[in-house]
Amino acid sequence: MSNYLLAALIAFLLCVALLFLLLPLLKRKKAGQEILEYVKEHSYKSGTPTMGGIAMLTAALIFGKGKFVYITLAVAFAYGVTGFLDDSIKIHYKRNLGLRPYQKIILQLSIALIVAFVVYKNELIRGDVYIPFTKNTVSLGWGVIPLVVFIFIATTNSVNLTDGLDGLAASTTLVYMAGIAAIIAIVAADADKNGLSLYVKEYQGLLTVCFATVGSLAGFLLFNCFPAKIFMGDVGSLALGGVVAC
C-alpha cells in the first residue's frame, strides 16, 4: 500500500510543479478558453488558460508497468492528441468550436475500435467479462468488441461534457478513480489467493495508475477549483476519459 500512496504523492507534487511552469507559458501564448456567447454566466472565464490537462496527465501516467498499463498509456496519448488538435484549433482561431463533431467522433471511434480488437486478442481478457456482484464470468466472444467501443465512446464523451464547471470533471473523476482502485484491489487479492500471478501483476500496475491519477487530479484541483486559474481542455478531458474507460 505504501508504494501506491507514494505514487499518489509524487504525482500530486509533480502535477503542481508542472502547472506552476505551464501556467505562465500558456498565458504568454494567450492559450485562453473561449466561452460560448449565449452562456452569459460564464463570460468571466473567457481567456482563462486551457490545456492544463497536459501537466495533469503527464504526472499521472509515468507510473506502473504491464500490458494493461501500456494499453492505458497508449489510449490516453491517442485521446490526448485528439483533444490537443481540438484545443489548438480553438486557440488559433479564437473560437469555441475546434474539431467538427463528425471529425471528433471519427477519431474517437477509430481509437475505440483499435482498443476493442486489442482487448479481444489479449490472452488475459479475450471476451470474458465479470458478472457484477458475483465471482462468475461470461464469455462474450467477439461481442466484447462492440461493448468496448460503446464503453470508450460513452466514457470519453461523458468526461469531456462534464468538464464545464470549475473543478467538476477533476473532482468527480478523482472520486471514481478512488472507487475503481478499491475494486481492483479486491479483485487482485482474489486473484492472488487463487494463484493467478499474471493477473495480480497486471492489476497491481493498474492500481498504481489509479493512485497516481488520484494524486495528480488532487494537484490539478488546487488550480482548477473555483475560481479556476486553468482548465484541463479537451487534451485533458478526452485523455482522462480514456484512462477511466481503460
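We're numbering straight along the sequence, starting at 1.
- Not counting sequence neighbours, Gln204 has no partner by the side chain to side chain donor-acceptor pair (under 3.5 Å) test.
- Residues in residues 62-74 take part in these salt bridge (Lys or Arg N to Asp or Glu O under 4.0 Å) pairs, two or more places apart or across chains: Lys67-Glu123.
- Two residues are said to be in side-chain contact when any heavy atoms from C-beta on lie closer than 4.5 Å; Val149 and Leu109 meet this criterion.
- Remark: side-chain polar atoms of Asn224 are paired, donor with acceptor, to backbone N or O of Gly167 under 3.5 angstrom.
- Counting only residues at least two apart or in different chains, salt bridge (Lys or Arg N to Asp or Glu O under 4.0 Å) contacts with residues 230-246 comprise Lys90-Asp234, Lys104-Asp234.
- Within the structure, the ring pair (Phe, Tyr, Trp, His ring centres under 6.0 Å) test picks out no pair touching residues 142-166 (sequence neighbours left out).
- Inter-residue side-chain proximity for Val243 and Val75 is flagged as unmet; no heavy-atom pair is nearer than 4.5 Å.
- Through side-chain heavy atoms spaced under 4.5 Å, either directly or across other Ile, Leu, Val, Met, Phe, Trp or Tyr residues, Val175 is tied to no other residue.
- Among pairs with a residue in residues 195-225, those fulfilling ring pair (Phe, Tyr, Trp, His ring centres under 6.0 Å) read Tyr4-Phe211, Phe20-Phe223, at least two apart in sequence or across chains.
- In this structure Asn194 satisfies the side chain to side chain donor-acceptor pair (under 3.5 Å) test with no other residue, sequence neighbours excluded.
- Residues satisfying the side chain to side chain donor-acceptor pair (under 3.5 Å) criterion with Ser237, sequence neighbours excluded, are Asn160.
- Ile180 is not listed as a side-chain neighbour of Leu206, based on a closest heavy-atom distance of 4.5 Å or more.
- Contact record, Thr172 with Thr162: OG1-CG2, 4.0 Å, taken as the closest heavy-atom pair.
- Within the structure, side-chain hydrogen bond (donor to acceptor under 3.5 Å, both in side chains) contacts touching residues 208-222 (residues at least two apart or in different chains) do not occur.
- Neither Leu18 nor Leu23 shares a network with the other; the hydrophobic side chains, linked directly or stepwise wherever heavy atoms of I, L, V, M, F, W or Y lie under 4.5 Å apart, form separate groups for each.
- Using a 4.5 Å cut-off between side-chain heavy atoms of Ile, Leu, Val, Met, Phe, Trp and Tyr, with links allowed through other members, Val200 and Val69 fall into different hydrophobic clusters.
- Applying the side chain to side chain contact (heavy atoms under 4.5 Å, CB included) criterion to Asn3, with sequence neighbours excluded, gives no partner residue.
- Under a 3.5 Å cut-off, the side chain of Asp128 and the backbone N or O of Thr137 do not form any donor-acceptor pair.
- For residues 67-90, no pair satisfies ring pair (Phe, Tyr, Trp, His ring centres under 6.0 Å), with sequence neighbours left out.
- With hydrophobic clusters built from ILVMFWY side chains whose heavy atoms lie under 4.5 angstrom apart, Leu22 does not share a cluster with Ile10.
- Taking the ring pair (Phe, Tyr, Trp, His ring centres under 6.0 Å) definition, one finds that Tyr120 meets it with nothing, sequence neighbours left out.
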